[in-house]
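Both ligands and their constituent atoms are indexed starting at 1 by order of listing. Just so it is clear, the structure is predicted and the values come from calculations on it, not from any experiment. Computed from heavy atoms alone, side chains included, the values below leave out hydrogens, waters and symmetry copies.
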Amino acid sequence: MAEHIIKAQNLSRYYQVSQGLMAEPRTLKALDGVSFSLDAGKTLAVVGESGCGKSTLGRLITLIEPPTGGNLWIHDSDISQAEKQQLSQVRKAVQIIFQDPYGSLNPRKKIGSILEEPLKINTSMTRAERMEKSYDLLEKVGLRKEHYTRYPHMFSGGQRQRIAIARALMLNPDIIVADEPTSALDVSIQAQVLNLMMELQETYNLAYLFISHGLSVVEHISDEVLVMYLGKTVEQGDKHQIFSQPQHPYTQALLASTPFVDPTKRRQRIVLKGELPSPLDPPSGCAFHRRCPKAELICSETTPELKPTANGVEVACHLV
Ligand code: SF4
């Protein structure tokens with residue numbers, strides 16, 4: 001496991017959900033057997049509708065909650081076997097940026113104090129050293145020294161997300177889980193924040209697990225794409241292959257609903273029927289079959305396995 005910074009094998013997170021006093025608890029498979037690897041300096045985009053399991057995956061990678069099945073290695077640590085001290089090192093190496101730049105910064109604290117909090121908890125740096133590090137990162141994210149003494153409400157959404165990015169970098173992590181980091185921002189600001197993230201990736205050789213509900217946002221930033229549906233991977237592989245030749249009908253539908261400026265990339269819209277089914281009561285066979293425009297009889301009877309295809313991309317569909 002030396003070459004990958006993250007490796008997940010058959011990673012799962014199930015919850016037991018009780019449905020009243022007399023009823024048997026049921027199993028909700030929020031994440032069901034997802035495998036991938038991520039290298040330093042690279043970006044894996046995890047894409048799917050809300051409820052597909054992508055944020056659960058983000059919580060497992062940031063060790064906010066443990067997996068209930070499969071294996072997860074971060075650096076060389078097998079998370080299920082790691083000692084407490086090793087886990088605390090891993091926690092510092094993996095940081096998260098949340099979607100909502102308004103809710104994620106404490107409104108009662110000044111920016112300097114928000115930035116320095118992780119250093120106070122995790123390091124023995126002096127006040128002067130913490131301040132110097134804060135100034136340095138404020139500058140790296142495109143803000144200024146004088147912002148150190150201001151409060152979050154004095155900043156725009158884009159600036160707040162820059163502050164959240166600076167805070168995530170205070171402990172010199174090498175993995176960032178970015179959970180829809182631009183979806184609460186105006187379109188014009190989204191590109192600026194994405195460009196900043198790409199610059200910082202270059203500077204610090206960061207690995208990004210970039211969670212997104214749509215494909216358009218991840219086109220420039222990602223190296224690999226993992227498309228999820230109801231807790232499982234349906235298509236996974238090289239970004240260029242997936243964008244130029246999507247093979248799973250769900251990926252095709254996601255791409256067809258993606259607005260592209262370049263007219264050669266525009267596709268005929270595919271309207272998906274119905275909503276994402278409840279993960280408590282997933283459809284039989286292929287979980288996508290009730291919404292899939294190409295579904296055949298076998299689709300409702302047998303679950304398709306994720307298999308490699310000719311261009312190296314893995315796809316879970318009976319017709320591919
Ligand atoms: Fe559609 Fe069948 Fe493929 Fe599932 S297995 S995506 S239902 S064609």
**Prompt:** Taking 4.0 angstrom as the limit, do E117 and R167 come out as a salt bridge?
**Reply:** no
**Request:** Quick one: look up the protein heavy atom nearest atom 2 (Fe) of ligand 1 and list residue, atom name and how far away it is.
**Result:** C299 SG, 2.2 Å
**Request:** Please identify which atoms of ligand 1 are closer than 4.0 Å to at least one heavy atom of L319.
**Result:** 8 (S)
**Item:** Atoms of ligand 1, numbered as shown, that sit under 4.0 Å from any heavy atom of H248
**Value:** 6 (S)
**Message:** Looking only at the aromatic ring of each residue, does the gap between the centers of H147 and F155 stay below 6.0 angstrom?
**Reply:** yes
**Message:** Return the closest protein heavy atom for atom 5 (S) of ligand 1 as residue, atom name and distance.
**Reply:** H318 N, 3.3 Å
**Complete:** If you scan protein heavy atoms around atom 3 (Fe) of ligand 1, the nearest is C317 SG, 2.3 Å
**Request:** For atom 4 (Fe) of ligand 1, find the nearest protein heavy atom and state the residue, atom name and distance (0.1 Å precision).
**Result:** C286 SG, 2.4 Å
**Prompt:** Looking only at protein heavy atoms, which one is nearest to atom 1 (Fe) of ligand 1, and how far off is it?
**Reply:** C292 SG, 2.3 Å
**Message:** side-chain contact (heavy atoms from CB on, under 4.5 Å), that's the test. Do I165 and K140 meet it? Break it down for me.
**Reply:** CA-CA 10 Å; I165 292 170; K140 288 262 179 3; over 6 Å; no
**Prompt:** What distance separates F36 CZ from K7 NZ, expressed to the nearest 0.5 Å?
**Reply:** 10.5 Å
**Item:** Interatomic spacing from OG1 in T68 to CG in L60 - rounded to 0.5 Å
**Value:** 8.0 Å
**salt_bridge(E305, K307) N-O dist < 4.0 Å** = no
